[in-house]
Amino acid sequence: MMERNNPKGWLYLLPAMLFLGVFMVYPLIDVFIYSFEQGFNFASQSYDGVGMRNYSFVLRDPYFLQAVKNTFILVIFTVPISTGLALLISVGLSSIKAVRHLYQTLYFLPYVTNTLAVGLVFMILFKKTPYTDGLANLIIGWFGAGPVDFIDGPYWAKMFVLCFYTVWVVMPFKILILTSALASVDEGYYKAAQVDGTRKIRVFTRITLPMISPTIFYLIITGFIGAFKAYSDAVALFGTDLNAAEMNTIVGYVYDMLYGSSGGYPSYASAAAIILFLIVLTITCINLLISKKHVHY
Amino acid sequence: MRILFDELTKVFTDKKRGKKESVVAVDHFSFEIPDGQLIGLLGPSGCGKSTALHLISGLHTPTSGRIYFGDEDMTDVPVEKREVGVVFQNYALYPHLSVLENIMFPLDNLEGNKRISPNEMRSRARAAAKLVQIDELESRRPKELSGGQQQRVAIARALVKQPRVLLLDEPLSNLDARLRLQTREEIRRIQKGTGVTTIFVTHDQEEAMSISDQIVVMQSGRVQQIGKPQWVYDFPANLFVAKFLGTPPINVFRGSIRGGRLFIGKDDVFAAPGLSDQEVWVGIRPEGFILDEQGPLRCTFQSLEMMGRDISVMAGHVALEGERLQALLEAGSGIPAGAAQVNFSLKPDKVHVFSRDTQVRLDWQKGGMGK
Ligand SMILES: Nc1ncnc2c1ncn2[C@@H]1O[C@H](COP(=O)(O)OP(=O)(O)O)[C@@H](O)[C@H]1O
Ligand SMILES: [Mg+2]
């Protein structure tokens, strides 16, 4: 049995606790305090009161509301699509015998080379150059529609590109994790199911899915958190002035409030960050509650 | 259901570092398993027992030969149509389903006109659970059960669809010694109760001997001997079978037949009329020794052990294969203290003679025995 309050145990934990404290807990508390300091002046490092004014400003700021809308669209579309698609691909890959043995090397490759490759692919797909409107427009053209500017064009086109990009980027990681989860399901279960004449669909829904449910759950939770924190992908696609492009995200808004051209408002940034924290917390709690019923450890 | 093997062979071919390596896991099986019997498939690890079992279940397809259930050729019938129940070595119970759901799983797979109502499923699953005496555990998860209970769930799941054949792969190897004894009686009881033809695989000869109607002894993919356990023990077909069955194991000596008499080393032990002069292996069961000062088998005494009812004597002999021989004598047999030598006479029906070359059993005309 484990001994509680073993002093040696705490000693081993100390370095980690120190780092966590300095780099995570302290800033968190700091942000929390900042978010309630009203009328903070950067130059004099002074404020004129404590209250909810930062929150009411942020919650009425149209740029923030746009950022929240964008972030939610991103989360709602990319998490289910990327997880579902990755599951489909993983199951497909796992059912090919030759690939199953290679999976570690094979699937890690795109994971490593990803950033470069994706950048290139997106250029080919969506970027307008003097020579071409991009592959996506070529395909749209076949259906008789006019070219769409995916980078500077209408909102839905830009949102589509952002979602597409996000799904694409997270895919190799998810496939990697899911294929190894699938490979770790004991073959004995499948043999037992086969002897009992279980249909393939039923094997998948009644055996495979419950068996890998902890992994799927992990991917959904981290997917949600990752998507809520999205920022750099949008910058990579649409440049730094995301507010102008209507493509800002909550983290982007926080960043702009701190360092952007309209920056210098750490109180507003902190309030926005705390709001994001509350959203993520709520969603994660809901996830945990749902998982109690559907995840089998 | 009678099961018939006709020259059934399974060869595994693996590519290792570019080279093709093939293993003949099951080599020309040709025998019949009568309906309703409990058959123990016995052999050392890696001899092809599991492979043979799964040729019956259909999880392996034979390289050549045919297999029949009754008069029906099953060779090309897929697993799910064979109506076999399998208990896997690690049980393969679905960890996320309750005991009852696990047992119901095969019923829930039934389709078309075989499909039964959920209530019917439940009552059949309960009946199966009752049969293996786990009915009060039906809502637990497998991980909340002991090894023996998991075993029973696995058996119930295999039986619930009323299979034509029940197959068990090393069903007791994950259990501790006490549970193993108890569970093997249980398997016996269930098998007799349902009358389903059952084949169970084991590498433990005692296990196989104790509950099987017949045992099939295998080595390197080949059947060595088939028969009632006691008969196989009393008349081992070859040296391998003689060595594999029995605890403590049989004592093996280099011997020879000369002039119709059996010699162990230089000791002339008894007459063996009808055998021509040749070199042989002589196997003597531990219970085949009789302490006898005038006995022909002269051994060097090593040690003595009281084993409750029996006395176990360890001794050496020049012609012995291995370090020491073990003789089980009845308590009360006196060995003079400090003796350097013990002499034995032998019970002829506990002495088995095998050809030195082929290791096949040689029979002499019994009756003309004597010193
Ligand atoms: N799927 C397989 N592929 C290749 N060789 C196998 C396979 N299964 C079993 N073998 C080989 O066949 C032989 C018999 O194996 P098995 O039937 O599992 O033995 P046992 O159950 O008696 O221990 C072994 O040499 C084993 O290495
Ligand atoms: Mg085996």
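We use all heavy atoms of the structure for the numbers below, so side chains are in, but hydrogens, waters and symmetry mates are not. Chain letters run A, B, ... following the sequence lines, proteins first, then strands; residues in each count from 1. Nothing here was measured: the structure is a model prediction, and the numbers come from that model.
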Checking heavy atoms, do the side chain of [X], its backbone, both or neither come under 4.5 Å from chain A?
X        : value
B/Gln89  : neither
B/Lys143 : side chain
B/Tyr91  : neither

Heavy-atom neighbours of [X] [atom1] exceed 12 at 6.0 Å:
X        : atom1 : value
B/Phe12  : CZ    : yes
A/Arg199 : CZ    : no
A/Leu281 : CG    : yes
B/Arg2   : CZ    : yes
A/Tyr190 : OH    : yes

Where [X] and [Y] come nearest, the two heavy atoms and their spacing:
X        : Y        : value
B/Leu93  : A/Tyr189 : O-CE2, 3.0 Å
B/Asn109 : A/Asp196 : ND2-O, 3.1 Å
B/Val79  : A/Val195 : CG1-CA, 3.6 Å
A/Gly197 : B/Glu80  : CA-CB, 3.3 Å

Counting heavy-atom pairs under 4.5 Å to chain B, which of A/Ala193, A/Gly188, A/Pro210 comes out on top?
->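 The option with the most such pairs is A/Pro210.
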Enter the distance from B/Glu111:CD to A/Arg202:CZ here, rounded to the nearest 0.5 Å.
->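 Spacing of CD (B/Glu111) from CZ (A/Arg202) equals 9.0 Å.
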Atom CZ in B/Phe105, atom CD1 in A/Ile207: separation rounded to 0.5 Å?
->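 Reported value, rounded in 0.5 Å steps: 4.0 Å.
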Side-chain heavy atoms of A/Gln194 within contact of B/Pro78, under 4.5 Å |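 Not in contact.
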Looking at side-chain heavy atoms only, is the closest gap between B/His54 and A/Lys191 below 4.5 Å?
->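 Not touching, per the 4.5 Å side-chain cut-off.
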Kindly say whether A/Arg206 contributes a backbone atom to a donor-acceptor pair with the side chain of B/His96 at under 3.5 angstrom?
->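 Answer holds: yes.
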